[in-house]
Each structure stands twice: as C-alpha cells, then as structure tokens.
Q: 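Before I ask anything, here is the structure I am working with.
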Amino acid sequence: MKKKIITIDGWSACGKSTLAKQLAKKLGYVYIDSGAMYRAITLYFLRNHVDWTDNNEVEEALKSINIEFHFNFKSQQSEIFLNDENVEYLIRDLVIADKVSDVASIRAVREFAVAEQQKMGENKGIVMDGRDIGTTVFPDADIKIFMTADSCIRVERRFKELFDKNPNITIDEVKNNLEMRDYIDSNREVSPLRKAEDAVVLDNSNLSMQQQLDFALALVK
Ligand code: DC
C-alpha cells in the first residue's frame, strides 16, 4: 500500500497520542508527537530564562534548539531529544504544561516547529498528532482525524496519568490546566486549534482503545 500521511488533531488529553502510537505501530509508520516539540521548546526557554515576550530573544534562542525523535527499542516508544538530551519524561511535568500554550502561541516558535514537522513528513509513512497538523502542517494529508472526548473523561484520564508520577497533584490543578490550554490553543492568532474541513470526527468518550483503533484503520483502508 502507498505510504500515507495521517494527521490526528484535537483537544488536550483526548487520547490523540495513544491512537497515533497504536496506528503507527500497526502500519509500520513513524509516529511524531508535535506537542512534545512545543513542550521541549518551553523546557529550553524556562531553563535558559528566555523572555518569550521579546521576539529577538525568542529568535536567538530558537537558533540554539535542535529537536529529534529517536525510537527506543527497549520501551518500543519514540522519544524526544532536545539538543541530544532525552527529555521525554521531563516535558510531561505540569510546570511545562502550565506554560506550553503561551509558548506555542508565538509566531516564530510555530514557524520553527512547523518547518521541522514538514521535513519529518517528507517521506510519508507518518502519523502526527497535535492541534494544527491537518490544517497547517499537512493540509494535503491523506487521512485527517479530529478527536474529541467528554471534558470530565479527559480530566480523569490526564489526572490518572500525572498522579502516577506526582501523587501530590490535585484533580482541580489538572482540570484548570486543561481548560486554560484548550482556551489558549483554540483562540490564538496563529494556527488555532480547528477541525480541518475534510477531517473525520472521532469522539472516543465511550470507546475502548481497540474500538478507536478499528475506527482509524477502517479510514486508512
Ligand atoms: O499535545 P500536548 O498536550 O502535548 O501539546 C502541548 C501543547 O502544545 C498544547 O497545549 C498546544 C501546543 N500544541 C500546538 O500548539 N500545536 C500542535 N501541533 C501541538 C501542540
């Protein structure tokens, strides 16, 4: 079968990466987590005290950032490297989640990330998830999925994930963070979160992982 570009966009914590990973594995495709790129840039900015309200500082900082994904055969996961450091675990922290939507709203940051993402898709055979993949990064993608899920279910899922790493986290912190990110992501000026006109909606509130995978595979075939 000819290799395709598959895009999965949608709200925070509605299971995009779970589906994207399953799909990539099943099809033998590369999986790229575009949100991880914005998170890694945020980590770099925080560590290096970059004032991201200052465009010059942002543009200078971006010149020092190199982002790559490497497949870890042990964990069977694609992991993100920021300037040769594996930051896959660090970028999932709530400290990063708190700031990432602000950083991802900056035009220069988006131009940098989108150019990298487009390079990664040059050979097709890729599943990429994010917020603007079907609208801006790959507007001609072969298959576009827009995921959504009930907001309470999303909060619960993300809480469980974060609680395993940090038992001090509260459900309110997670809820506030998701609401804030959904708001900023869908109201920003540059490539806001939108369903592409030709995207298929997948509401997985009441679907098992197998059911959502079957739904996506049916689209691919
Ligand atoms: O998918 P995620 O929750 O890891 O994404 C983190 C943030 O990055 C999200 O709040 C918005 C931003 N993002 C974006 O603006 N565009 C993308 N393609 C992916 C993520």
Side-chain angles (χ1 to χ4, degrees), residues 5-21 24 31-46 52 58 62 65 67 69 77-80 82 87-121 126-139 141 144-149 151 153-155 157-162 165 169 173-196 199 202 204:
I5 292 185
I6 303 174
T7 66
I8 304 181
D9 290 302
W11 306 99
S12 290
C14 59
K16 300 183 297 295
S17 67
T18 304
L19 175 63
K21 279 181 208 164
Y31 162 58
I32 300 291
D33 173 354
S34 71
M37 298 172 74
Y38 292 100
R39 287 171 180 264
I41 296 169
T42 305
L43 174 64
Y44 182 93
F45 283 6
L46 287 172
W52 59 74
V58 168
L62 289 171
I65 296 181
I67 292 176
F69 287 88
Q77 305 262 14
S78 154
E79 294 176 346
I80 189 163
L82 168 65
V87 293
E88 181 63 38
Y89 185 80
L90 278 177
I91 58 164
R92 307 292 161 195
D93 201 280
L94 204 55
V95 174
I96 303 293
D98 240 5
K99 302 285 177 222
V100 64
S101 284
D102 286 337
V103 170
S105 303
I106 303 166
R107 186 177 294 275
V109 168
R110 299 207 73 79
E111 284 171 0
F112 172 86
V114 169
E116 294 294 313
Q117 290 153 8
Q118 288 172 336
K119 262 190 255 161
M120 292 172 187
I126 190 169
V127 184
M128 193 178 287
D129 73 346
R131 306 292 187 289
D132 63 337
I133 311 303
T135 51
T136 303
V137 182
F138 299 120
K144 300 183 185 178
I145 299 174
F146 187 86
M147 279 180 80
T148 178
S151 61
I153 294 177
R154 293 197 281 131
V155 171
R157 284 180 187 156
R158 184 50 52 92
F159 175 72
K160 275 188 196 143
E161 227 175 82
L162 290 169
K165 287 186 200 161
I169 207 159
E173 275 178 297
V174 175
K175 184 169 178 281
N176 292 341
N177 177 260
L178 290 188
E179 282 173 358
M180 174 197 72
R181 287 202 289 138
D182 284 347
Y183 180 81
I184 300 175
D185 295 345
S186 52
N187 287 285
R188 67 177 172 231
E189 200 178 309
V190 199
S191 331
L193 167 65
R194 291 268 181 283
K195 177 186 126 17
L202 168 57
N204 72 356

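Numbering of ligands and ligand atoms starts at 1, following listing order.
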Q: Is the side chain of D9 donor-acceptor paired with the backbone N or O of G134 at a distance under 3.5 Å, no angle test?
A: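 Between the backbone of G134 and the side chain of D9 there is a qualifying donor-acceptor contact (under 3.5 Å).
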
Q: Do any nitrogen or oxygen atoms of R131 come within less than 3.5 Å of a nitrogen or oxygen of ligand 1?
A: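 R131 vs ligand 1: N/O contact under 3.5 Å present.
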
Q: Would E179 and K175 pass as an ion pair if we require N to O under 4.0 Å?
A: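 Salt bridge flag = yes for K175 with E179.
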
Q: Which of the numbered atoms in ligand 1 are under 4.0 angstrom from any heavy atom belonging to S101?
A: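 Under 4.0 Å from S101, ligand 1 has these atoms: 10 (O).
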
Q: Going by distance only, is there an N or O of D129 that falls short of 3.5 Å from an N or O of ligand 1?
A: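 No; every N/O pair is 3.5 Å or more apart.
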
Q: State the atoms of ligand 1, each with its element, that fall below the 4.0 Å cut-off from a heavy-atom position in D132.
A: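 Under 4.0 Å from D132, ligand 1 has these atoms: 16 (N), 17 (C), 18 (N).
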
Q: Would you mind checking which non-hydrogen protein atom is closest to atom 3 (O) of ligand 1, with the distance to 0.1 Å?
A: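 Answer, as residue, atom name and distance: R181 NH1, 2.9 Å.
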
Q: With heavy atoms of I133 as the reference, note each atom of ligand 1 found under 4.0 Å away.
A: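 Answer, ordered by atom number: 18 (N).
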
Q: Which heavy-atom pair separates L19 from M147 by the least distance, and what is that distance?
A: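 Closest approach of L19 to M147, heavy atoms only: CD2-SD, 3.8 Å.
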
Q: Enumerate the atoms of ligand 1 whose separation from the nearest heavy atom of A104 is less than 4.0 angstrom.
A: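 Counting from 1, the qualifying ligand atoms are 12 (C), 15 (O).
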
Q: Quick check: Y38 and ligand 1, any N/O pair under 3.5 Å apart?
A: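 Between Y38 and ligand 1, no N or O pair is found under 3.5 Å apart.
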
Q: According to the interplanar angle, ranging from 0 to 90°, do the rings of W52 and F45 count as parallel (below 30°), tilted (30 to 60°) or perpendicular (above 60°)?
A: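 Plane angle under 30°, so parallel.
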
Q: My understanding is that we take every heavy atom of each candidate and find the minimum distance to atom 14 (C) of ligand 1. Doing that for R39, R158, R110, R92, which one comes out nearest?
A: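 When every heavy atom of R39, R158, R110, R92 is considered, R110 comes closest to atom 14 (C) of ligand 1.
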
Q: In this structure, does ligand 1 have an atom that sits under 4.0 Å from one of the heavy atoms of M37?
A: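 False for this residue.
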
Q: Using a strict threshold of under 4.0 Å (side-chain N to carboxylate O), is an ion pair present between D182 and R158?
A: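 No, no charged N to carboxylate O under 4.0 Å.
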
Q: Looking only at distances, can you tell me whether any N or O atom of R188, backbone or side chain, sits closer than 3.5 Å to an N or O atom of ligand 1?
A: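 Yes, at least one N or O pair falls under 3.5 Å.
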
Q: Sub-3.5 Å donor-acceptor pair from the side chain of K16 to the main-chain atoms of W11, do we have one?
A: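 It does hold such a pair.
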
Q: Show which atoms of ligand 1 fall inside a sub-4.0 Å distance from at least one heavy-atom site of G130.
A: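 Matching atoms, with element in brackets: 17 (C), 18 (N), 19 (C).
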
Q: Using distance alone, with no hydrogens and no angle criterion, decide if D129 and S17 have a side-chain donor and acceptor under 3.5 Å apart.
A: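 Checked: D129/S17 side chains show no N/O donor-acceptor pair below 3.5 Å.
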
Q: Hey, is E88 close enough to R92 for a salt bridge, meaning N to O under 4.0 Å?
A: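 So E88 pairs with R92 through a salt bridge.
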
Q: Identify the protein heavy atom lying closest to atom 20 (C) of ligand 1, giving its residue, its atom name and the separation to 0.1 Å.
A: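 Looking at atom 20 (C) of ligand 1, the protein heavy atom closest to it is G35 CA, 3.5 Å.
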
Q: Identify the protein heavy atom lying closest to atom 19 (C) of ligand 1, giving its residue, its atom name and the separation to 0.1 Å.
A: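 Here the closest protein heavy atom is S34 OG, 3.3 Å.
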
Q: Looking only at the side chains, is there a donor atom on one of S12 and R131 sitting less than 3.5 Å from an acceptor on the other?
A: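 The answer is yes; a qualifying pair exists.
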
